[in-house]
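Notes follow the structure.
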Amino acid sequence: MNAFKTLDDADFAGQRVLVRVDLNVPMDNGAVSDATRIDRILPTIRHIAGQGGKVILLAHFGRPKGRDAKDSLKPIAAALAAHLGLPVAFADDCIGAAAGAAVAAMTNGDVLCLENTRFHPGEETNDPAFVAALAANGDAYVNDAFSTAHRAHASTEGLAHVLPAYAGRTMQAELEALDKALGKPVRPVMAIVGGAKVSTKLDLLGNLVSKVDVLAIGGGMANTFLSARGLDVGKSLCEHDLVATAREIEAKAKAAGCTILLPVDALAATEFKANPGHRVADVGDIEADEMILDAGPKSVEAVTARLQTMQTLVWNGPFGAFELEPFDTATVVVAKAAAALTKAGKLVSVAGGGDTVSAMNHAGVGEDLTYISTAGGAFLEWMEGKPLPGVEALKKSA
Ligand code: 3PG
Ligand code: MG
C-alpha cells in the first residue's frame, strides 16, 4: 500500500493531465549534454498518452528572475520529442491565452510542453492565483519530478492540493528505492558520504549517524575529520573552523553505535591537476606542501571489506577529486565492488545527489546499482531526514 496514489489508481482517458517533470538538464552549446532526466520521464508520458490522456508537461529550467529567453524550455522539448519518438507541441507560456489555446488544440494521446514555470514569480512563491491559473488547464495532476520535490512551488506542491494528484512512475520508483535504503532498510546499512565540504553536509551527517551502522566519509570533508583527530593534512582542502563540529558528529556516532570509517591512507600530490606526480601516503604522514586528493588502497580495502558484510548501501559524493585521473580510483573501485554485490543479490544499493550520478557513470556502474537518483538537492534533503514538500503534498492528496 502506497501512502500516495500512483498511475495505477487512475484512468486518464480523455483527461487533461498536468505532469510535473524535471527538465532541468545540463546543456552544452544549446544541446542537451546528459539526457538521463529526459529518459526517466518517458514511462509516465507513454503511460498517460497510451491511455488516451492529454499530457501537458510543466517544468522549470535554470533560476530565471522573470521571463528570460536563455532559459526557455523550447530546445529541451525538442530533445524530449526525439527521445520519446512522438511529437511534443510547445506553448510560449504556462498559463493564460497561449497555454489555453495550445491545450484546447490537443487531441487524446497528444503531448504538449508548456514554457518554463519559473518565468512567473508565482511559481516559487506558490501563489494560489498562479496555482489556479495552472490548474485551469488540467483535470488531474501527476508529479514525476522527485528531484524538485524539495521545492514547495506551485507546480511541485500547490497543484497537488487543488487537483486529483498522483505520483508518476519515476517518482514512485524513487520513493520505493529510498524507502528500501533508509526508511525500512535491511541491516546492516552503510552510508558513504563524500564531497568537498563538511559545511554543506552537516545536517546530513547528523541524521545518518543515527540511522546507519557504518558511515564511510570520503572526499575533502574527510580531511576535516582527520584534522579533528589531530592529524596534519598539509595543504589539503579542510575546514579548520569546523573541527569542533566534526568532533561532535564523531561523538554522536559513538553514542548511536555507528562506526565512522575515515581514510587511513591517501593519494597525495603537491599540484591539483590530472596525472601530477603523486604518492601513496598514510594519513599521518602528509607533508606540509601536499594535498590529499583521493583515498588510498588500504582505505579502499577497508571500505570494500566492510561492504561485504552489509545488506544496504546509500551513497552520496565521491571519495576523491574523481574528475582528475588517477584521483577517481577509490570511487571507481568501491563503486565496482558495490555493483558486483548488488548484481549478486547481496546488497541493496542506492546512490544520488550532486556529482554522484556522473561518478557512478564514470565508474561504469550506471545500470548496476539498485537505484541511482538523478536528484541533487532533493536527495540530500531526503538524506537529511527532512520531509519533502512535493512528496508530502502527494500523500495528503491520497
Ligand atoms: C535540480 O536540478 O536539482 C532540480 O531541478 C531543482 O532545481 P533548483 O535547485 O533550481 O530548484
Ligand atoms: Mg539544484
Side-chain angles (χ1 to χ4, degrees), residues 18-28 31-42 44-45 57-68 70-77 79-80 83 94 113-127 130-131 134 142-160 167-168 170-171 173-175 177-178 195-197 200-201 203-204 315-317 350-361 371-384 386-394:
L18 295 172
V19 185
R20 188 25 160 127
V21 289
D22 193 351
L23 294 178
N24 199 28
V25 291
M27 301 286 281
D28 191 10
V32 174
S33 56
D34 180 340
T36 311
R37 283 179 170 174
I38 290 180
D39 290 329
R40 291 278 175 100
I41 61 175
L42 300 179
T44 291
I45 297 174
L57 301 172
L58 295 173
H60 77 281
F61 183 75
R63 292 177 178 170
K65 299 278 163 266
R67 187 172 276 273
D68 186 341
K70 82 170 183 358
D71 288 325
S72 175
L73 281 175
K74 201 167 185 177
I76 302 170
L80 168 63
H83 283 254
C94 62
C113 179
L114 302 180
E115 184 57 286
N116 195 338
T117 51
R118 288 190 185 169
F119 284 179
H120 292 271
E123 164 71 341
E124 292 182 53
T125 59
N126 205 352
D127 174 8
F130 181 67
V131 173
L134 290 173
V142 171
N143 189 344
D144 209 24
F146 173 81
S147 45
T148 67
H150 57 320
R151 308 292 181 209
H153 294 175
S155 68
T156 63
E157 201 272 351
L159 278 173
T170 290
M171 173 70 92
E174 183 102 30
L175 293 176
L178 297 188
K197 292 182 171 176
T200 57
K201 295 194 179 167
D203 290 348
L204 186 151
W315 186 343
N316 167 256
V350 175
D355 282 348
T356 315
V357 180
S358 49
M360 295 304 133
N361 286 334
Y371 196 80
I372 298 184
S373 173
T374 66
F379 191 86
L380 296 181
E381 290 197 24
W382 165 77
M383 276 182 104
E384 289 165 3
K386 294 188 179 145
L388 302 175
V391 174
E392 295 307 307
L394 285 180

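Remember, it's 1-based here, ligands and their atoms both numbered in the order they're listed. As a basis for the values below, the full set of heavy atoms in this structure was taken, side chains included, without hydrogen atoms, waters or symmetry mates.
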Subset of ligand 1 atoms that lie under 4.0 Å from at least one heavy atom of D22:
4 (C), 5 (O)

Could you list which atoms of ligand 1 come closer than 4.0 Å to a heavy atom of R63?
8 (P), 9 (O), 10 (O)

Carefully, step by step, assess D34 and T36 under the rule side-chain hydrogen bond (donor to acceptor under 3.5 Å, both in side chains).
CA-CA 6 Å; D34 180 340; T36 311; 2.4 Å; yes

For S147, take its heavy atoms, then give the atoms of ligand 1 lying under 4.0 Å from any of them.
4 (C), 6 (C)

Any nitrogen or oxygen of T148 lying under 3.5 Å from a nitrogen or oxygen in ligand 1? Just yes or no.
no

Between E123 and R20, does at least one N-O distance fall below 4.0 Å, as a salt bridge requires?
yes

Which of the numbered atoms in ligand 1 are under 4.0 angstrom from any heavy atom belonging to R151?
8 (P), 9 (O), 11 (O)

Test side chain to side chain contact (heavy atoms under 4.5 Å, CB included) applied to H83 and D39, V32, I45, the passing residue
D39

Minimal non-hydrogen separation, T374 against V357, with atom names
CA-CG2, 4.0 Å

Proximity flag R118 to ligand 1, non-hydrogen atoms under 4.0 Å:
yes

Specify the closest pair of heavy atoms between H150 and S147, including all atoms of both residues, with the distance to one decimal.
CE1-O, 3.2 Å

Determine whether any heavy atom of R37 lies closer than 4.0 Å to an atom of ligand 1.
yes

Between D22 and F146, does a side chain to side chain contact (heavy atoms under 4.5 Å, CB included) hold up when you go through it step by step?
CA-CA 8 Å; D22 193 351; F146 173 81; over 6 Å; no

